[in-house]
Amino acid sequence: MAAPFAFSSLFPYLMNNASAGFLILLAPYQLAFRLLLIFMKRDYPLEKVRNFGIVAHVDAGKTTTSERVLFYTGSQHKIGEVHTGETTTDWMEQERERGITITSAAITCFWTRTSEKDKKDPVKKYRFNVIDTPGHIDFTAEVKRSMRVLDGAIVVFDGVAGVEPQSETNWRYADEAGVPRVCFINKLDRTGASFEDSYASILERLSKKAVRAQIPMGAEGDFEGVVDLLSMKSFTFTGNMGEDVIEGEVPEQYVEEAKKYRTELIERIVEHDEAQMNAFFEGNEPTLEELKKTLRKAVIANEIFPVYTGSALKNKGVQLVLDAVVDYLPSPLDLPPVKGTNPKTGDEVFRKPDDSEPFTALAFKLQTDPFVGALTFFRVYAGTVSAGSYIYNANTGTKERVGRIVRLQADKREEVEQVFTGEIAAFVGLKDTKTSHTLCDEAHPIVLEEIKFPEPVVSLRIEPKTKADQEKMGLALRKLSDEDPTFKITSDEETGETIMAGMGELHLEILVDRMKREFGVEANVGKPQVAYRETLMGTADVDNKYVKQTGGKGQYGHVKIRVKHMEPVDPEAKVAKNTTREDHFEFINNIKGGVIPSEYFNPIEKGIREAMNRGILAGYQMVDISVDLYDGSFHEVDSSEIAFKIAASQAFQEAARQAKPVILEPIMNVEVVVPEQFMGDVTGSLSGKRGSIEGMEDRGMNKAIHAKVPLSEMFGYTTSLRSMSEGRGSMTMEFDHYEVVPRNVADDIIASRT
């Protein structure tokens with residue numbers, strides 16, 4: 001009855017305001033549509049969802065593999081190649097120009113097992129949410145944050161090189177996140193490729209838990225297909241793009257080898273099921289389905305990493321890896337409930353992967369899109385979220401309205417009205433949400449564990465070319481630093497110059513190029529600089545009073561502090577109530593009996609932090625320092641926050657000078673791959689750069705040299721290496737640790753800063 005009454009009372013207004021009248025008439029239908037969304041059901045059951053990433057060292061064939069995934073799942077009808085600059089996942093101009101992946105790309109596609117393709121049954125389809133990640137060490141943050149939100153990974157290896165430096169880093173990130181993995185030894189068609197050598201490098205350098213699930217039929221130019229060890233079937237790939245998978249009997253020349261490795265595989269599987277193990281050793285082999293079921297449990301528990309093989313470029317083997325994703329990598333239902341903290345009570349909270357649970361999601365990536373604006377990538381761990389609803393940011397305590405939600409196909413967007421548990425999508429236009437923030441239901445707040453990113457090790461000075469560029473540069477730098485947590489912006493207090501810091505020369509080069517292309521900023525850039533640090537090797541006690549009389553009210557602050565080097569601590573260890581502890585700083589408040597009022601504790605800590613940021617020897621940030629505030633005094637009238645802040649800053653500077661300050665420099669883990677005849681020249685050059693040679697190994701037809709070298713010595717080394725090796729050498733490096741600089745080098749650094 002209410003609707004006709006409302007309409008009649010509004011009739012004169014509606015006649016004079018047609019557009020407003022139209023919207024009001026639509027309002028009940030809009031409400032009904034929104035209510036309908038609440039009861040919408042997912043188009044794919046959660047057990048048929050797979051969230052996984054494709055990770056590898058640079059140039060191992062990761063993006064080429066991703067393109068085959070898109071083609072074979074029917075998401076695109078043409079395979080893009082890296083060498084032609086037409087790939088879907090490498091969509092940035094800088095990626096296509098350089099032939100490398102710079103930013104992780106999310107894609108959604110659907111897959112039916114190879115053996116069930118002919119059944120044409122939509123129930124057999126599985127939904128894949130895939131993230132293609134960079135392989136270059138400078139963009140390692142993209143891998144780290146992707147691992148945080150993925151349920152599984154395909155780790156791609158070069159069949160010639162085997163395990164390479166970034167392969168080890170990616171594997172370590174996966175271990176930290178507890179991500180189950182399937183290995184894919186790629187490029188078996190290349191000259192010098194060896195499945196067995198690459199497999200051995202996985203066992204030696206990554207994990208003894210890896211086991212062959214396939215063996216190749218042939219190698220290099222004779223590579224023709226694979227043998228699946230569980231089913232004891234051969235698979236070859238025909239058609240224009242290898243889309244037709246032909247199953248057959250194992251060729252006679254591979255039967256003995258296949259039987260040998262099949263027995264090894266089955267023994268590794270039945271170790272994880274006592275009943276199957278007893279039956280197997282009594283001569284009763286479990287069925288294929290039983291073996292697959294047990295293998296799935298072992299893979300999800302990170303007890304087995306099955307190894308597959310093929311050649312993505314030659315369209316061989318990729319479909320069977322996708323079958324392995326379905327068979328062995330987990331769905332969100334296979335994983336334990338996500339753990340977080342209630343921000344109001346501090347209690348542990350768990351969320352099950354269920355649409356009926358309170359909404360819980362993690363924002364893991366920000367991206368500026370020239371067409372739609374700010375995109376916030378998120379992974380839903382529990383519950384659902386709809387366009388038009390409100391979400392609560394548990395980190396900031398603020399609410400934001402969800403205007404639009406998009407599902408991403410690399411740089412293309414598909415608008416959706418609702419996102420369910422286990423899915424990856426992006427919000428459009430959120431203003432206060434940053435990387436690692438938890439988005440949830442306000443009535444059921446939860447803060448998920450944040451993603452920890454490595455600190456930048458290379459910096460350079462940048463200034464706008466014109467006054468018009470100045471304002472645009474500030475906006476561009478802010479947006480880029482929001483997107484990339486390993487990109488830091490600071491200002492030199494003495495010169496007023498802007499300093500940008502990142503993970504490497506290429507990282508900063510790409511960011512400067514993006515500023516020019518995406519934001520129209522022209523800038524002058526200085527030479528790359530090393531991000532040195534300072535620390536203390538000794539201890540010191542200092543008693544400092546700051547007293548100032550100006551005729552009126554004076555200033556009085558008095559502190560006694562003890563400083564020392566902060567030893568590494570267990571992050572899980574319980575922190576004392578009187579202690580503030582971070583990765584590189586510890587503040588212990590041992591004030592008793594009110595000798596310093598509690599309102600001055602924060603200014604004291606702030607004064608110490610500011611002094612640490614300024615450094616003692618050469619103005620570099622100080623790290624790994626423990627400060628114990630154990631005594632002091634105050635004046636009833638003259639004491640103030642600023643007085644205690646200055647007193648603490650002065651006390652710290654004096655203590656730091658007494659406690660044997662030193663400069664730290666970043667040491668890089670360097671790998672150089674060269675033909676054997678150039679090995680002597682290369683080892684000599686690395687030794688001359690204060691490097692220590694850690695070891696050497698065969699890498700296909702070449703030699704791989706492992707060394708630890710100071711970053712300051714490695715600028716421009718790629719050019720020198722090309723000259724030494726007639727253009728045939730290659731180098732990769734990643735940050736390893738900080739180390740004390742030799743005295744003579746420290747003197748030069750201090751002199752240059754003075």
Side-chain angles (χ1 to χ4, degrees), residues 89-98 100-106 131 133-134 136-146 363-378 408 410-411 426-437 450-466 468-492 496-529 531 735:
T89 53
D90 284 355
W91 54 270
M92 292 174 63
E93 290 179 32
Q94 294 88 346
E95 292 177 313
R96 291 180 171 176
E97 288 171 358
R98 291 167 171 81
I100 62 170
T101 303
I102 292 170
T103 184
S104 53
I131 295 184
T133 63
H136 197 286
I137 187 62
D138 282 15
F139 310 103
T140 190
E142 294 287 333
V143 183
K144 194 167 180 63
R145 62 171 147 205
S146 298
F364 67 94
K365 176 181 169 70
L366 303 185
Q367 181 178 309
T368 302
D369 189 291
F371 300 104
V372 300
L375 291 173
T376 304
F377 290 63
F378 65 97
L408 295 154
D411 60 331
F427 293 122
V428 178
L430 296 190
K431 291 183 171 56
D432 298 326
T433 301
K434 306 298 182 190
T435 301
S436 281
H437 282 186
E450 293 192 358
I451 309 169
K452 294 190 182 299
F453 294 97
E455 288 294 314
V457 294
V458 177
S459 63
L460 53 78
R461 297 173 186 272
I462 184 169
E463 61 179 23
K465 281 190 176 179
T466 66
D469 288 317
Q470 189 162 3
E471 187 175 333
K472 289 194 293 183
M473 189 179 88
L475 177 66
L477 290 175
R478 188 172 70 253
K479 287 187 174 181
L480 290 172
S481 62
D482 283 344
E483 285 186 24
D484 186 349
T486 60
F487 176 48
K488 306 287 187 186
I489 307 298
T490 55
S491 179
D492 189 313
E497 292 176 303
T498 300
I499 298 170
M500 50 193 289
M503 298 305 295
E505 291 179 84
L506 179 62
H507 186 200
L508 295 177
E509 179 189 325
I510 294 292
L511 290 166
V512 171
D513 190 47
R514 287 187 62 192
M515 282 175 50
K516 180 178 179 180
R517 296 194 195 192
E518 296 176 27
F519 300 95
V521 176
E522 296 288 344
N524 296 317
V525 179
K527 291 181 179 179
Q529 303 290 323
F735 171 73

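Along the sequence shown, the residues carry numbers beginning at 1.
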- Item | side-chain hydrogen bond (donor to acceptor under 3.5 Å, both in side chains) partners of K472, counting only residues at least two apart | none
- Message: Main chain of R478, side chain of S481: is a donor-acceptor contact present, judged purely on distance under 3.5 Å?
- Response: yes
- Is the shortest heavy-atom distance from the side chain of I499 to the side chain of L460 under 4.5 Å? no
- Item | Result of checking S146, P485, S436 against I451 for side-chain contact (heavy atoms from CB on, under 4.5 Å) | S436
- Task: State which residues pass side-chain hydrogen bond (donor to acceptor under 3.5 Å, both in side chains) with Q470; sequence neighbours excluded, sorted by chain then number.
- Result: none
- Query: What distance separates F377 CZ from E483 CD, expressed to the nearest 0.5 Å?
  - Reply: 9.0 Å
- Task: Would you check if T433 and F378 make a side-chain contact, meaning some heavy-atom pair closer than 4.5 Å?
- Result: no
- Task: Flag the pair E463 / T498 as yes when at least one side-chain heavy-atom distance between them is below 4.5 Å, and no otherwise.
- Result: no
- Show your reasoning for whether side-chain contact (heavy atoms from CB on, under 4.5 Å) applies to M500 and K488. CA-CA 6 Å; M500 50 193 289; K488 306 287 187 186; over 6 Å; no
- Task: Look at the rings of F487 and H507 and say which category their plane angle falls in: under 30° parallel, 30 to 60° tilted, over 60° perpendicular.
- Result: perpendicular
- Given side-chain contact (heavy atoms from CB on, under 4.5 Å), test R461 with V525 step by step and report yes or no. CA-CA 6 Å; R461 297 173 186 272; V525 179; over 6 Å; no
- Message: Evaluate R145 against T435 for side-chain contact (heavy atoms from CB on, under 4.5 Å), listing each step before the verdict.
- Response: CA-CA 9 Å; R145 62 171 147 205; T435 301; 3.7 Å; yes
- Task: Quick one: list whatever passes salt bridge (Lys or Arg N to Asp or Glu O under 4.0 Å) with D432, sequence neighbours left out.
- Result: none
- Message: Show the nearest heavy-atom pair for residues A501 and P456, with the distance to one decimal.
- Response: C-CB, 3.7 Å
- Message: So, using salt bridge (Lys or Arg N to Asp or Glu O under 4.0 Å) as the criterion, who are the partners of K144 when residues are at least two apart?
- Response: E176
- Taking the side chain as every heavy atom from C-beta outward, state whether M515 and L477 have any atom pair closer than 4.5 Å. yes
- For K465, enumerate each residue passing the side-chain hydrogen bond (donor to acceptor under 3.5 Å, both in side chains) test, keeping only those at least two apart in sequence or located in another chain. none
- Give a yes or no on whether a salt bridge exists between E142 and K365, defined as a side-chain N under 4.0 angstrom from a carboxylate O. yes
- Query: Would I131 and F364 satisfy side-chain contact (heavy atoms from CB on, under 4.5 Å), going step by step from the backbone distance to the final call?
  - Reply: CA-CA 12 Å; I131 295 184; F364 67 94; 4.1 Å; yes
- Kindly indicate whether the side chain of F519, heavy atoms from C-beta on, has any atom under 4.5 Å from the side chain of M473. no
- Item | Nearest atoms (heavy-atom pairs only) where L508 meets G502 | CD2-N, 3.6 Å
- Message: As an exercise, state the distance from OG1 of T376 to NZ of K431, rounded to the nearest 0.5 Å.
- Response: 10.5 Å
- Item | Those residues that, when tested against K434, pass side chain to side chain contact (heavy atoms under 4.5 Å, CB included) (two or more places apart) | L366, H437, D482
